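This one's a predicted model, so the numbers in the text were calculated from it and none came from an experiment.
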Amino acid sequence: MAYSRKTFHEVGGFSGVDKIASGDDMLLMNKIWEKDKQKIHYLLSKDAIVSTPPMKTWKTFFNQRIRWASKAPYYKNGSITIVMLIVYFFNLLFPILFFAGLWNYEYWLLLAGLWFAKTIIEWPFVHSVAKFYRKQNLMKYFFFFQPLHIVYTIAAGFLGQFGTYEWKGRKVK
């Protein structure tokens with residue numbers, strides 16, 4: 001991530017987001033986007049890749065996702081909020097339909113159809129990212145990791161708003 005000093009000062013820097021436990025980088029970008037949408041660009045260049053190590057445990061992975069989700073109320077861009085809500089409630093349909101299928105198997109048919117639709121819709125994006133990072137060989141696991149994606153989206157979304165997470169050795173609400 002890069003931004004000019006001038007742009008940083010034009011939006012008031014980190015003021016307004018400096019009391020939030022984390023996420024100041026994304027919230028700063030959101031402030032810049034609010035002021036001038038034309039100033040935000042993604043640099044799709046292999047020369048600009050910065051590698052960071054993955055989370056070492058499932059616990060730290062989920063804490064990271066909960067921390068990311070906890071920033072949702074701070075985004076002032078309504079379209080981001082709408083997309084996050086659509087994604088969250090779409091994923092919430094999966095366990096609802098699963099349990100509803102215990103009473104009427106037709107809900108399981110709908111569940112299978114939504115699972116198929118989710119996979120088909122997400123495949124092109126995930127594949128393009130995998131291709132960019134030369135990780136296409138991981139795409140063979142895509143279908144099988146869909147349940148994990150659904151579970152962590154639901155759990156992180158809920159806990160990000162109503163739970164706590166650990167970050168930098170401290171518990172944060």
Side-chain angles (χ1 to χ4, degrees), residues 1-93 118 121-136 138 142 145-146 148-173:
M1 181 172 81
Y3 48 86
S4 70
R5 182 182 312 237
K6 179 181 179 231
T7 299
F8 179 79
H9 289 295
E10 283 176 358
V11 298
F14 291 114
S15 69
V17 300
D18 51 352
K19 303 288 187 237
I20 302 165
S22 74
D24 52 351
D25 53 352
M26 288 300 296
L27 294 170
L28 174 64
M29 289 298 107
N30 192 55
K31 287 174 66 173
I32 294 169
W33 185 88
E34 286 174 6
K35 183 164 177 44
D36 185 354
K37 295 170 184 57
Q38 300 304 314
K39 287 192 175 188
I40 300 291
H41 302 283
Y42 185 80
L43 179 58
L44 191 61
S45 168
K46 290 184 178 22
D47 294 331
I49 295 172
V50 176
S51 296
T52 57
M55 297 293 100
K56 293 182 180 186
T57 67
W58 285 108
K59 181 180 179 182
T60 58
F61 172 83
F62 278 109
N63 268 301
Q64 180 188 57
R65 297 318 196 262
I66 293 166
R67 180 170 51 88
W68 290 353
S70 74
K71 306 304 165 255
Y74 300 104
Y75 291 110
K76 295 186 173 126
N77 179 343
S79 59
I80 290 175
T81 302
I82 289 169
V83 168
M84 286 190 292
L85 286 170
I86 289 169
V87 168
Y88 185 79
F89 286 111
F90 179 77
N91 281 284
L92 197 56
L93 277 175
K118 178 183 186 320
I121 290 167
E122 292 175 352
W123 178 273
F125 172 72
V126 175
H127 186 265
S128 69
V129 172
K131 185 176 179 183
F132 178 77
Y133 288 103
R134 296 187 180 116
K135 299 287 184 181
Q136 300 99 307
L138 298 177
F142 181 73
F145 276 98
Q146 287 286 20
L148 176 63
H149 183 252
I150 292 165
V151 168
Y152 92 67
T153 298
I154 294 168
F158 180 82
L159 293 172
Q161 304 314 305
F162 304 109
T164 60
Y165 58 89
E166 289 181 30
W167 189 61
K168 293 189 175 181
R170 65 185 194 271
K171 234 186 205 335
V172 180
K173 160 18 210 165

* To do: Check for a donor-acceptor pair, side chain of Q161 on one end and backbone N or O of A69 on the other, with a separation under 3.5 Å.
  => yes

* Could you list the residues that satisfy ring pair (Phe, Tyr, Trp, His ring centres under 6.0 Å) with F8, not counting sequence neighbours? => Y3, F14

* Between CD1 on residue I32 and OG1 on residue T7, distance to nearest 0.5 Å -> 6.0 Å

* Asked: Any idea which heavy atoms bring N91 and I154 closest together, and the distance?
  -> O-CD1, 3.3 Å

* Asked: Is there a side-chain contact between I49 and F132 (heavy atoms, below 4.5 Å)?
  -> yes

* First locate atom CG of L85, then atom CD1 of I80, and finally report the distance between them rounded to the nearest 0.5 Å. => 12.0 Å

* Measuring from F61:CZ to I66:CD1, what's the distance to the nearest 0.5 Å? -> 10.5 Å

* To do: Look up atom CZ in R65 and atom NE2 in H149, then write down how far apart they are to the nearest 0.5 Å.
  => 8.5 Å

* To do: Kindly give the heavy-atom pair with the smallest separation between T60 and T57, and that separation in Å.
  => OG1-O, 2.9 Å

* Report the residues that fulfil side-chain hydrogen bond (donor to acceptor under 3.5 Å, both in side chains) with K46, sequence neighbours left out, ordered by chain and then residue number. => none

Donor-acceptor pairs under 3.5 Å, side chain of residues 121-130 to any protein atom, not counting sequence neighbours: which ones?
{"unit_1": "E122", "atom_1": "OE1", "unit_2": "K118", "atom_2": "NZ", "d": "2.9"}
{"unit_1": "E122", "atom_1": "OE1", "unit_2": "Q146", "atom_2": "NE2", "d": "3.3"}
{"unit_1": "E122", "atom_1": "OE2", "unit_2": "K118", "atom_2": "NZ", "d": "2.9"}
{"unit_1": "S128", "atom_1": "OG", "unit_2": "P124", "atom_2": "O", "d": "3.4"}
{"unit_1": "S128", "atom_1": "OG", "unit_2": "F125", "atom_2": "O", "d": "2.7"}

* **Identified side chain to side chain contact (heavy atoms under 4.5 Å, CB included) counterpart of V87 within the set L92, T153, I82** => T153

* W58 side chain reached by L148 side chain, heavy atoms, under 4.5 Å -> yes

